[in-house]
Amino acid sequence: MKLFRLITATLLCCVSISSFATEREIDSVAAIVDNSVVLESDIADIVERVKRNAAAQNQTLPSDAALRTQATERLILTSLQLQMAQRMGMQISDAQLDDTIRNIAQNEKLSLDAFRQQVINEEGNYERFRERLRDEMITGEVVRANVQRRIYISPQEIDSLIKLMEDQGASNEQYNIGHILIAIPSQATAEDITETKDRADKVMQLLRDGSDFKRIAIASSSGSNALEGGDLGWMNINEMPTLFSEAIRGRKKTDIIGPLRSGAGFHILTIFDIRGENVADINEIKSRHILIKPSIIVSEDRARSMLAEFAAKVRSGEADFAELAKQHSEDPGSKLNGGDLGWSEPSIFVPAFRDTLNRLAINEISEPFRTEHGWHIAQVLDKRTVDATADKKREQVYRMIFNRRYNEEASNWLRELRAEAHIEVMSEK
């Protein structure tokens, strides 16, 4: 009997170990990225999503091997950014995530329930969508926090661009640009550069022979938008990297441009579409806020609960928002003014703050929400639409220069982040 029990226990142990081994095989490690890993299941998820989107748009795709390579690279960069976010103490709360989802649903003119069902129908798993969106929000804030401080724009640069735009007729056209980057390896030799140029020339020839740009981008590009077919979205010509704007100027829709050499490699561009932009009217919001920064003394939960208490007291009439801001806010730029941020376009703020302001009605006070700066409550005092005056034109030109520099510096920063990391990609089984 004892022998039977021993054999049974041994068999059960083996079954358990076998099951565990099978489970691990399903979710095996595809790459080691500093102190984290990229899992095969996550790669498969991205590949499946790209295939699903391509099918919906009747878009042809490259081989599964090319898709896997692009998905792996994206997950490596995401992992590096998430690890940095952890070191910086940066996180996105459930409340922030809910606010963002609410804004997405509103933009698509759907109720939250309808939006949830749409995600389930398209992706199968709503919770996975939520966590992917949370990661995207975190990585966006990590890039902004590290890149913004690398950018300085002088008044002279603004004056020069205003004059240039006036001399050229100040076109408001926007371009939907496609981008393929054939990257040069770090510490490249002359032979490496020659080989990379040959690859770029071959890609150019494929495109001139009629190959689909987005398909080639997915298969060949090292750019951060490769899995989107190299689509960089809509940009004014003065928001593009200087290398791109000089090459795009005067070109027409569907033109293939390149290869253009930069420190990153050889760039190939196309113009998917061109549109005019009406910038005569600008929507502005007058707002105020109270900022509490988590620290060794004030925990995340304590900062959030303090602000929740402040908001409740203001709503009930027990306290005045401006007085609370003067006493407690840690934003030196607005503290003495009772948290008043004045009139501004919401787009100048970080996304979580911008989205919260856009959602609030006049005089409404938000629930506590987190940005890269700390925990906030905000109140919208008024809204208006104004003409694009000379001052507004300077602001717009500043943003054009900033967007151009930001795109360039973000690419540089991501390359530096990857170059300094320990990355080991496992061979596919």
Side-chain angles (χ1 to χ4, degrees), residues 81-106 112 126-127 129-146 148 285 287-341 344 346 348-381:
Q81 292 169 80
L82 290 175
Q83 289 179 67
M84 176 163 284
Q86 190 173 30
R87 293 193 295 271
M88 296 170 66
M90 192 178 289
Q91 56 186 325
I92 298 294
S93 67
D94 287 341
Q96 284 177 268
L97 189 59
D98 290 340
D99 275 347
T100 300
I101 291 173
R102 188 180 297 108
N103 287 324
I104 294 172
Q106 287 176 351
L112 283 174
Y126 182 74
E127 290 306 317
F129 163 80
R130 275 179 60 88
E131 293 312 307
R132 188 172 74 248
L133 179 60
R134 191 195 305 269
D135 286 349
E136 289 174 2
M137 292 171 66
I138 292 173
T139 55
E141 292 204 7
V142 166
V143 174
R144 276 186 292 278
N146 285 278
Q148 283 178 337
I285 289 177
S287 61
R288 58 185 178 182
H289 80 134
I290 299 173
L291 168 66
I292 303 294
K293 298 180 179 180
S295 64
I296 297 174
I297 299 172
V298 180
S299 68
E300 294 277 343
D301 287 342
R302 177 58 182 154
R304 180 172 49 192
S305 63
M306 284 173 64
L307 289 168
E309 184 180 344
F310 293 163
K313 285 184 175 180
V314 174
R315 292 188 191 109
S316 67
E318 297 177 47
D320 178 73
F321 193 108
E323 288 304 315
L324 287 173
K326 289 177 182 177
Q327 294 172 30
H328 300 283
S329 182
E330 297 182 65
D331 176 10
S334 67
K335 177 184 178 74
L336 296 179
N337 296 323
D340 195 333
L341 297 170
S344 55
I348 71 169
F349 300 112
V350 296
F353 203 99
R354 174 201 66 203
D355 293 343
T356 300
L357 292 185
N358 283 332
R359 180 175 55 81
L360 293 174
I362 293 176
N363 293 324
E364 184 181 359
I365 299 172
S366 73
E367 295 299 327
F369 62 97
R370 184 74 154 83
T371 73
E372 63 197 56
H373 304 296
W375 283 92
H376 312 250
I377 53 172
Q379 183 181 31
V380 169
L381 300 174

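- Taking the charged nitrogens against the carboxylate oxygens, R315 and E367 do have a contact shorter than 4.0 Å, which makes a salt bridge.
- By the 6.0 Å contact criterion, CD on E136 is enclosed, its count of non-hydrogen atoms from other residues, nucleotides or ligands being greater than 12.
- Ion pairing between R304 and E300 fails under the 4.0 Å rule for side-chain N and carboxylate O.
- Here the side chain of Q379 pairs no donor or acceptor atom with the backbone of E364 at under 3.5 angstrom.
- Remark: H373 pairs with no residue by the side-chain hydrogen bond (donor to acceptor under 3.5 Å, both in side chains) rule, at least two apart or across chains.
- The shortest non-hydrogen separation linking A325 to K335 is O-CG, 3.7 Å.
- Closest heavy-atom contact between P368 and A308: CG-N, 3.5 Å.
- Electrostatic pairing of D355 and R102 does not count as a salt bridge here, judged by no charged N lying under 4.0 Å from a carboxylate O.
- Every side chain to side chain contact (heavy atoms under 4.5 Å, CB included) that S334 has, sequence neighbours left out, goes to H289, D331, L341.
- Under a 4.0 Å N-O distance rule, the pair D135/R132 does not qualify as a salt bridge.
- You'll find the side chain of L133 reaches within 4.5 Å of the side chain of I104, heavy atoms only.
- Nearest heavy-atom pair across L360 and A378 is CD1-O, 3.7 Å.
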Show every donor-acceptor pair shorter than 3.5 Å between a side-chain atom in residues 292-299 and any protein atom, with sequence neighbours excluded, or say none if there are none.
unit_1 : atom_1 : unit_2 : atom_2 : d
S295   : OG     : I297   : N      : 3.2
S295   : OG     : V298   : N      : 3.1
S299   : OG     : R302   : N      : 3.0

